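Here's the structure, in structure tokens; my notes come after.
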Amino acid sequence: MIIFYILIFILGLAMGSFLNVVIFRLENREKIVNDRSKCLRCNHILAWYDLIPVFSFIFLKGRCRYCGKKISWQYPIVELITGTLFVIIFNFSAQGGPASGWQFLLSILSLLFWFYIVSSLIVIFAYDLKHYIIPDKIIYPAIVVTFIYKLFEILNFGHLNLFRIWNLPAQGWSALGGEIGNLITVFNPFIAAILAGAFFLSIVLLTRGRGMGGGDVKLGFLMGLILGWPLVLIALFLSFIIGSVAGIFLILVGNKTMKSMIPFGPFLVLGTFIALFWGEGIIEWYLNIII
Ligand SMILES: [Zn+2]
């Protein structure tokens with residue numbers, strides 16, 4: 001079983017390497033899949049052994065083999081984070097135990113979906129941190145894919161039974177309450193998305209765009225879709241706490257002043273990851289405290 005984890009980690013490292021290329025191409029407005037990788041300073045085409053995730057960076061001591069220019073820490077960090085998150089996701093899906101047939105296909109599909117979403121969020125994290133912008137080219141496809149995946153989940157789990165709703169008058173209207181409850185369960189991610197999106201939109205309107213931007217509205221919407229209710233609430237809560245602590249820290253160290261802009265996207269992504277992986281545990285822990 002350990003071999004699967006190692007393979008998934010390597011896959012994550014390779015994906016992280018690709019995400020670095022995506023970030024670079026977004027910065028330079030090139031097509032995502034283009035020609036070969038080059039050093040930014042000396043334009044030397046990089047060999048395959050210069051492009052091994054993490055290892056090349058360590059081996060070359062963070063410098064270009066040909067001209068000695070420093071390579072950004074972003075490269076190994078994004079690779080390591082992608083590898084680690086891929087392993088965490090795989091671990092969650094492996095806990096369901098071995099599946100066969102149709103069920104196996106579904107778990108592969110869901111694994112691919114989560115790999116894709118985590119990759120998108122990593123790009124958003126890095127790009128917003130560097131440029132204070134959440135790229136539309138990343139967030140719109142992520143919203144569309146998540147929307148389709150959640151619809152698919154609804155159909156697959158059979159929560160939605162239109163025939164039952166159609167027959168409500170015959171069953172007696174007392175069943176209506178239960179059906180409304182079912183509908184809320186079914187549309188949970190969509191409701192959470194609209195609520196979280198509206199929350200950020202109201203902040204943007206109230207602060208006239210000084211506090212947050214349109215990118216945060218889109219990211220809030222995506223978070224709602226991904227997490228559903230009440231996990232999205234946990235994610236938002238964590239983002240605001242981590243964001244405030246980081247903000248105060250940066251001001252104390254003298255890195256930023258009260259007037260500096262600090263992008264909020266990275267904290268939203270961080271909150272999303274924590275809520276996604278440990279949100280249920282946090283809710284349980286919280287309920288245990290207050291009861
Ligand atoms: Zn070079």
Side-chain angles (χ1 to χ4, degrees), residues 26 117-118 120-151 153-154 180-251 256-280 282-283 285-287 290:
L26 280 169
I117 282 304
V118 159
S120 303
L121 289 174
I122 290 170
V123 173
I124 289 171
F125 181 102
Y127 201 87
D128 197 26
L129 191 66
K130 285 169 82 181
H131 306 287
Y132 302 176
I133 286 176
I134 293 174
D136 282 346
K137 275 182 188 166
I138 303 297
I139 190 118
Y140 282 137
I143 288 175
V144 170
V145 170
T146 310
F147 196 88
I148 293 169
Y149 179 80
K150 292 290 167 176
L151 275 182
E153 229 177 33
I154 290 170
I180 290 175
N182 279 340
L183 280 179
I184 291 175
T185 314
V186 164
F187 291 109
N188 178 320
F190 308 106
I191 296 169
I194 291 168
L195 287 177
F199 171 69
F200 281 105
L201 187 62
S202 57
I203 292 181
V204 170
L205 293 177
L206 284 173
T207 62
R208 291 178 194 177
R210 271 171 307 185
M212 310 236 167
D216 296 310
V217 178
K218 295 168 206 163
L219 185 52
F221 188 85
L222 177 63
M223 288 167 71
L225 269 186
I226 293 172
L227 297 167
W229 190 271
L231 282 184
V232 68
L233 204 61
I234 305 275
L236 291 178
F237 186 69
L238 290 170
S239 314
F240 277 97
I241 290 185
I242 302 169
S244 318
V245 171
I248 292 168
F249 176 77
L250 287 175
I251 288 167
K256 302 262 177 189
T257 67
M258 286 297 278
K259 284 187 177 164
S260 309
M261 243 176 73
I262 296 174
F264 198 53
F267 301 111
L268 290 174
V269 171
L270 220 54
T272 306
F273 283 145
I274 299 173
L276 187 63
F277 299 135
W278 302 288
E280 307 280 355
I282 293 172
I283 291 177
W285 168 81
Y286 180 71
L287 291 178
I290 58 169

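Treat the numbers as computed from the prediction; the structure is a model and nothing was measured.
The shortest side-chain heavy-atom distance between Phe125 and Leu270 falls under the 4.5 Å cut-off. The closest side-chain heavy-atom distance from Asp128 to Val269 is not below 4.5 Å. Residues Thr272 and Leu219 form no side-chain contact, since every pair of their non-hydrogen atoms from C-beta on lies 4.5 Å or further apart. Considering only heavy atoms from C-beta on, Ile226 stays 4.5 Å or farther from Lys150 through its side chain.
Using cut-offs of 30° and 60° for the angle between ring planes, the Phe273 and Phe277 rings count as parallel. Ring geometry for Phe240 versus Phe200: interplanar angle under 30°, hence parallel rather than tilted (30 to 60°).
Within 6.0 Å of the OH atom in Tyr132, the count of heavy atoms belonging to other residues, nucleotides or ligands exceeds 12.
The shortest non-hydrogen separation linking Leu268 to Ser239 is CA-OG, 3.5 Å. Heavy-atom minimum distance, Phe267 versus Ile242: CD2-CG2, 3.9 Å. In plain terms, the two heavy atoms of Ala196 and Val232 that are nearest each other are CB-CG2, 4.0 Å. Scanning both residues, Leu26 and Pro135, for their nearest heavy atoms gives CD1-CG, 4.0 Å. Scanning both residues, Ile203 and Met212, for their nearest heavy atoms gives CG2-CG, 3.6 Å. The minimum heavy-atom distance between Ala193 and Leu225, with the atom names listed, is CB-N, 3.6 Å.
Taking the six-membered ring wherever Trp is involved, the centroid distance between the rings of Phe147 and Phe190 falls below 6.0 Å.
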* Start with the C-alpha distance between Asp216 and Ile134, add both sets of side-chain angles, then the distance that settles side-chain contact (heavy atoms from CB on, under 4.5 Å), and finish with yes or no. => CA-CA 8 Å; Asp216 296 310; Ile134 293 174; 4.0 Å; yes
* Would you please test Leu227 and Leu233 for side-chain contact (heavy atoms from CB on, under 4.5 Å) and show each step? => CA-CA 9 Å; Leu227 297 167; Leu233 204 61; over 6 Å; no
* Would Ile138 and Tyr127 satisfy side-chain contact (heavy atoms from CB on, under 4.5 Å), going step by step from the backbone distance to the final call? -> CA-CA 10 Å; Ile138 303 297; Tyr127 201 87; over 6 Å; no
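Put simply, CD on Glu153 and OG1 on Thr146 are 10.5 Å apart, with the number rounded to the nearest 0.5 Å. With rounding to the nearest 0.5 angstrom, the CG atom of Leu276 is 10.5 Å from the CE atom of Met223.
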